[in-house]
Amino acid sequence: MTLRLVDTRTGAAEPFVPLREGEVGIYSCGPTVYGPAHVGNFRSFLFADLLVRHLRFRGFTVRWVMNITDVDDKIIARAAAEGVPIGELTERYAAAFLEDARRLRMTMPDVLPRATHHIPEMVELIELLIGRGHAYRADDGSIYFRIASWPRYGTLVHIDPSQLRVGERVSADEYAKDDARDFALWKVARPGEPSWGTSLGPGRPGWHIECSAMSMRYLGPTFDLHTGGVDLVFPHHEDEIAQSEAATGKPFVRTWLHCAHLRMGGVKMAKSVGNIDCPADVYERGFSPRALRYALLAVHYRSPLEFSDESLHAATAAVERLAIVLKTLGAYRHEGPDDPTLTALLDEARADFTASLDHDLNVAAALGAVFELVRELNRRLEARCLSAADAARAATFLRGLDAVLAVAEEDAERLPPELEGLLERRVAARAARDWTESDRLRQELANAGVTVEDARDGQRWRFVEGGPRD
RNA sequence: GGCGACGUACCCAAGUGGUCUAAGGGGGAGGUCUGCAAAACCUCUAUUCACCGGUUCGAAUCCGGUCGUCGCCUCCA
């Protein structure tokens with residue numbers, strides 16, 4: 001059983017074999033921090049998160065690098081509009097990004113390099129490119145990569161460079177390039193813009209060079225996986241390949257993975273389109289981070305995903321179903337023999353789950369395996385044919401699968417003491433068959449964001465999805 | 001103009017030529033259980049996979065065409 005991933009370059013699902021046995025290096029294009037990241041951005045980050053989690057679940061040692069772009073045209077424009085230094089702006093939104101990522105339970109990357117901290121690495125690369133004849137300094141002092149010097153240009157997008165509709169959509173020449181298709185490696189300093197004094201002269205890096213410099217700095221000249229949204233395939237990733245391979249003479253990335261767009265209202269979500277929704281907006285409408293994570297993850301990464309409140313409602317229900325079975329398993333009290341078929345049931349679920357994710361991260365099929373197991377566990381819970389030990393084992397098992405999905409409730413969730421007290425009083429009221437008091441306490445807890453349900457093994461509580469705690 | 005992806009039930013969605021009279025989630029309808037509520041469980045909700053041809057003993061799955069939707073070629077996750 002091997003993991004297969006679809007490489008953008010070939011379009012085929014190829015067996016994943018890491019460069020070094022058992023170890024995987026992944027680079028993911030991260031956020032440009034000039035404003036809050038929207039849920040479309042998070043789709044691509046969470047897809048990478050799922051990949052990392054699955055690789056670790058499969059036993060690989062993973063080194064995950066995600067850049068934070070903290071200098072570029074938009075950042076400069078935004079900082080100027082606010083009248084603050086770019087560092088102040090980028091610090092603010094980098095922190096916001098990390099907080100959003102945390103609430104969405106995104107795995108923390110092992111390295112989160114920032115462009116402005118890696119200027120020397122970029123300069124070094126650019127000098128290498130100039131030395132090898134792949135880059136040139138134009139009349140305005142900026143440095144460009146010469147696409148004509150790189151015959152393999154276009155292999156990632158499957159575009160013949162001569163077919164590019166140059167000129168039609170390129171705005172009036174801001175810079176003095178030799179060829180409209182050439183891209184900037186180093187932008188010469190301009191009044192009012194941040195710049196770095198380097199051996200290349202004062203200026204700032206182009207966008208593409210930062211990813212080449214930082215990925216190779218932390219993962220080496222050749223590494224396993226590089227992820228991003230489809231909109232980065234061209235020109236960003238194509239340019240990364242050209243400049244990296246031209247500089248090092250070695251293959252850059254072994255497998256390219258790109259996730260499809262998140263759509264809203266039938267078209268891709270993008271700041272430029274204006275149809276964006278940020279995590280904070282979603283929470284404000286009463287949805288939980290768990291539900292948001294589920295909604296962004298539940299559809300295969302290479303399929304466009306239509307994002308809506310309807311999809312969030314469906315996600316909320318699915319996530320609750322998981323939370324409830326875990327609570328029920330935890331509360332289960334029954335003296336009886338172990339279920340002799342439980343082992344086979346769990347083994348089968350694990351095999352289905354793993355095989356599905358191994359097939360190019362087929363998360364929909366993996367979720368199918370999880371929910372089939374959930375229904376079967378509920379049946380056995382209902383029929384009381386599990387022992388208490390079985391129930392504990394099943395719960396641990398489900399949490400094990402959830403190490404990949406990260407959509408279930410935390411194990412050790414505790415109620416604040418005052419709410420705990422209400423629960424205890426309700427138990428007493430119910431023992432006395434005082435239904436009025438029981439119902440009143442249930443309502444009081446509901447007002448505090450806690451749902452209480454009466455099950456065979458006693459009352460069962462959980463936090464309301466999207467409630468005050470989330 | 002060039003390149004590419006996709007079209008499965010009310011919605012989302014899996015389906016890697018035969019076990020598909022097509023997983024799973026949501027929604028809806030009935031039922032069981034229950035002080036009530038909720039949850040859970042059971043039954044039902046596609047003999048059909050945009051449409052038309054073709055290949056094959058056999059196709060949702062392969063090929064061709066038609067229609068439709070979306071994306072990239074420009075900053076973009």
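Quantities reported herein were computed from a predicted structural model and do not represent experimental measurements. Here is how names work: the chains are called A, B, and so on, in the same order as the sequence lines, proteins then strands, and each is numbered from 1.
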*asked:* Given C75(B), A77(B), C12(B), identify the nucleotide with an atom nearest to the side chain of D231(A).
replied: A77(B)
_G25(B) to U21(B) separation - C1' atoms, rounded to the nearest Å_ = 23 Å
*Could you say whether G368(A) or K271(A) is positioned toward the 5' end of RNA chain B, judged by the nucleotide with the nearest heavy atom to each?*
G368(A)
*Which residues satisfy the side-chain contact (heavy atoms from CB on, under 4.5 Å) test with E382(A), sequence neighbours excluded?*
none
*Between Y153(A) and F183(A), what is the ring plane arrangement, given parallel below 30°, perpendicular above 60°, and tilted in between?*
parallel
*For H158(A), report the nucleic acid contact type (base, sugar-phosphate, nothing); a contact means any heavy atom under 4.0 Å.*
sugar-phosphate
*What nucleic acid atoms does G11(A) come within less than 4.0 Å of, heavy atoms only: base, sugar-phosphate, or nothing?*
nothing
*Should the pair F223(A) and F252(A) be assigned to parallel (<30°), tilted (30 to 60°) or perpendicular (>60°) ring geometry?*
perpendicular
*asked:* Below the 4.0 Å mark, does C41(B) have OP1 or OP2 next to a side-chain nitrogen or oxygen of N378(A)?
replied: yes
*Just checking A298(A): base, sugar-phosphate only, or nothing, at a heavy-atom cut-off of under 4.0 Å?*
nothing
*Looking for any heavy atom pair under 4.0 Å, which part of the strands does L262(A) touch: base, sugar-phosphate only, or nothing?*
base
*Which nucleotide sits closest to the side chain of R379(A): C42(B), A14(B), G25(B)?*
C42(B)
*asked:* With rounding to the closest Å, how many angstrom separate the C1' atoms on U55(B) and A77(B)?
replied: 41 Å
*At under 4.0 Å between heavy atoms, what does V230(A) touch on the DNA or RNA strands: base, sugar-phosphate, or nothing?*
nothing
*Rounding to the closest angstrom, what is the interatomic distance between G28(B) and A39(B) at atom P?*
10 Å
*Can you check whether H359(A) stacks with the U16(B) base, using ring centres under 5.5 Å and planes within 30°?*
yes
_Heavy atoms only, 4.0 Å cut-off, all strands: where does G40(A) land among base, sugar-phosphate and nothing?_
base
*E437(A): partners by side-chain contact (heavy atoms from CB on, under 4.5 Å), with sequence neighbours left out*: R425(A), A429(A), D434(A), R440(A), L441(A)
_side-chain contact (heavy atoms from CB on, under 4.5 Å) involving R333(A) - partner list, sequence neighbours excluded_ = D457(A)
*Please measure how far the C1' atom in A9(B) lies from the corresponding atom in A5(B), and state the result in whole Å.*
23 Å
*Near E348(A) CD, under 6.0 Å, is it more than 12 heavy atoms from other residues, nucleotides or ligands?*
no
*Which letters describe nucleotides 33-39 of chain B, given B = protein heavy atom under 4.0 Å from base, S = only from sugar-phosphate, - = neither?*
--BBBBS
*With the side chain of E372(A) defined as its heavy atoms from C-beta on, choose the nearest nucleotide among C72(B), C75(B), A23(B).*
A23(B)
*Kindly state whether the ring of F307(A) and the ring of H261(A) have centres lying under 6.0 angstrom apart.*
no
_Where RNA chain B forms stems, i.e. three or more consecutive Watson-Crick or G-U pairs with both distances under 3.5 Å_ = B:1-7 with B:67-73, B:10-12 with B:24-26, B:27-32 with B:40-45, B:50-54 with B:62-66
For residues 265-272 of chain A, dump all side-chain donor-acceptor pairs below 3.5 Å to protein atoms at least two apart in sequence or in another chain.
none

*asked:* Could you check whether H237(A) and H258(A) have their ring centres less than 6.0 Å apart?
replied: yes
